[in-house]
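Quick note: numbers below take in every heavy atom, side chains included, and nothing from hydrogens, waters or symmetry partners. So you know, we letter chains A, B, ... as the sequences are listed, proteins then strands, and number each from 1.
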There are 2 protein chains.
Amino acid sequence: MARAGTKRVVGKPGATDTEGTKGALVAATVDALREVGLAGASAREIARRAGCNQGLVFYHFGSVTTLLLAALDSVSTARRVRYHDAVDGAPGLSELVDVAAAIFEEDLNAGYIAVLVEMIGGASSIPGLGAEVRARIAPWRAFTADAVRRSLGESPLAHLVTPDELAHAIVALYLGLEMLAHLDDDRAPALALFDRARQLAGLVAALAPPAPTKESP
Amino acid sequence: MARAGTKRVVGKPGATDTEGTKGALVAATVDALREVGLAGASAREIARRAGCNQGLVFYHFGSVTTLLLAALDSVSTARRVRYHDAVDGAPGLSELVDVAAAIFEEDLNAGYIAVLVEMIGGASSIPGLGAEVRARIAPWRAFTADAVRRSLGESPLAHLVTPDELAHAIVALYLGLEMLAHLDDDRAPALALFDRARQLAGLVAALAPPAPTKESP
DNA sequence: GTCTATACTTGGATAGAC
DNA sequence: GTCTATCCAAGTATAGAC
């Protein structure tokens, strides 16, 4: 929103800051990354989207790079909470694929993964960015490996691949699907693939019954 | 090579041009994309790597964007020949995974896919680039779908996924693996994954014998 | 905290000498 | 074809008024 005339409503000072200029800048950065990419996400472009002055980027964040990382943090933590909750409610492989598909669609539509992809792709351009991005991707990899480990533990698939390998492949596939969807501006193939995964997960579950609850050894 | 003192050897004029200033600029662009990313691949940086003057980028290619696309073309066509030949020599699924692994390793080491990834990622930053990149990725998708179709035709897997779906997933996985490998500067996980795929392909082949040559119905 | 103004840098692109 | 010199636009970052 434009500064002149329209005041933003300010939340509690300690809050997760989706309000206030700092929050607006972070949100604008996410939008910019999604729509015009890393190269297009300049201080001026971001400030324009946030409806404030370019200088405030440097007042609040010190540099554009820092703001970019703040945006990555914001998306990353918000989404991880969402994923964590969803995966908690999914006991087996089949349910896991179900929730993964649902949230992936959210991500794809909201452009959250686009932010990830832009930052990873741009990591080689901006010196020092690589390490920072890597650190922020790490929790995702750990999270994925954990989810795979838990829902694959009892399945026959566990004898075909290690959880870490599978997790690495899943993260890579995730990123790749986003790249293609973004390039084509078409999410259909990615979603169709999830539908197929759902079918296959059901098939695997039928072949190897889920060992309902394992207790008292 | 530096212009002062060292002259480049010039090949036949009509050749695929890895020699001459034009060729040197294309090669330098590939290097730059790989090492400093799209944002770092400026006319000055490219010319420096090619050992010539910045103005020559515009003399020979008109704009930096055109040169970037020329570099993408160069890598894309060269690699496609390589892939095509390799896949031709691979009759079944197992052999296909074998050659795919081998060439993927080449690509990963030489940074060819990095060029693809940088261009796809940067497509949203530079207006009009998206369509051009899309057109240059299209043959890869067709190629992959074709290879999948041919080597999956007889296999039981063909009843679980359509070739187009599988091809889309493979291309996405390919791009994603490159992103992660580039981010970590570590190709080991991607290569381990191919080893695993090789095992699994062997397993599938053992379960469903390849129907050696299908002729005379 | 926010805005205006400005210094400084880098990069795309062109003109003209050789 | 290549190089030097230069223009112009856009971006980062800072200083200072309000």
Do [X] and [Y] have side chains that get closer than 4.5 Å, going by heavy atoms?
X: B:I113; Y: B:M179; result: no
X: A:R196; Y: A:Q199; result: yes
X: B:F104; Y: B:L177; result: yes
X: B:D164; Y: B:H168; result: no

Would you sort out whether B:R141 and B:T144 count as a side-chain contact (heavy atoms from CB on, under 4.5 Å), showing the intermediate values?
CA-CA 5 Å; B:R141 297 167 135 173; B:T144 307; 5.8 Å; no
Heavy atoms only, 4.0 Å cut-off, all strands: where does A:Q54 land among base, sugar-phosphate and nothing?
base
Got a sec? Which of residues 60-73 of chain A come in under 4.0 Å of DNA chain D, heavy atoms?
A:S63, A:V64
Can you list, by residue number, the residues of residues 115-126 of chain B that have a non-hydrogen atom closer than 4.0 angstrom to DNA chain C?
none
Taking only side-chain nitrogens and oxygens of A:S42, does any of them come within less than 4.0 Å of OP1 or OP2 of D:dG11?
yes
Taking B:S74 for the side chain and B:A70 for the main chain, is one N or O donor matched with an acceptor at less than 3.5 Å?
no
Atom [atom1] of [X] to atom [atom2] of [N]: distance rounded to whole Å?
X: B:L56; N: C:dA15; atom1: CG; atom2: P; value: 16 Å
X: B:I46; N: C:dA13; atom1: CD1; atom2: P; value: 11 Å
X: B:N53; N: C:dG12; atom1: CG; atom2: P; value: 13 Å

Which is it for B:S42 and B:V64 under the side-chain contact (heavy atoms from CB on, under 4.5 Å) test, yes or no, and what are the steps along the way?
CA-CA 7 Å; B:S42 66; B:V64 175; over 6 Å; no
Which of the following nucleotides, [options], is nearest to the side chain of [X]?
X: B:F58; options: C:dT2, C:dA13, D:dC3; value: C:dA13
X: B:R44; options: C:dT4, C:dT2, C:dG11; value: C:dG11
X: B:A43; options: C:dC3, C:dG12, D:dC3; value: C:dG12

Closest-nucleotide 5' rank along DNA chain D - winner of A:E45 and A:Y59:
A:E45
For residues 115-125 of chain B, dump all side-chain donor-acceptor pairs below 3.5 Å to protein atoms at least two apart in sequence or in another chain.
unit_1: B:E118; atom_1: OE1; unit_2: B:L38; atom_2: N; d: 3.0
unit_1: B:E118; atom_1: OE2; unit_2: A:S124; atom_2: OG; d: 3.3
unit_1: B:S124; atom_1: OG; unit_2: A:E118; atom_2: OE2; d: 3.3
unit_1: B:S125; atom_1: OG; unit_2: A:V36; atom_2: O; d: 3.0
unit_1: B:S125; atom_1: OG; unit_2: A:A39; atom_2: N; d: 3.3

Spacing of B:F194 atom CZ and A:E165 atom CD [to the nearest 0.5 Å]
12.5 Å
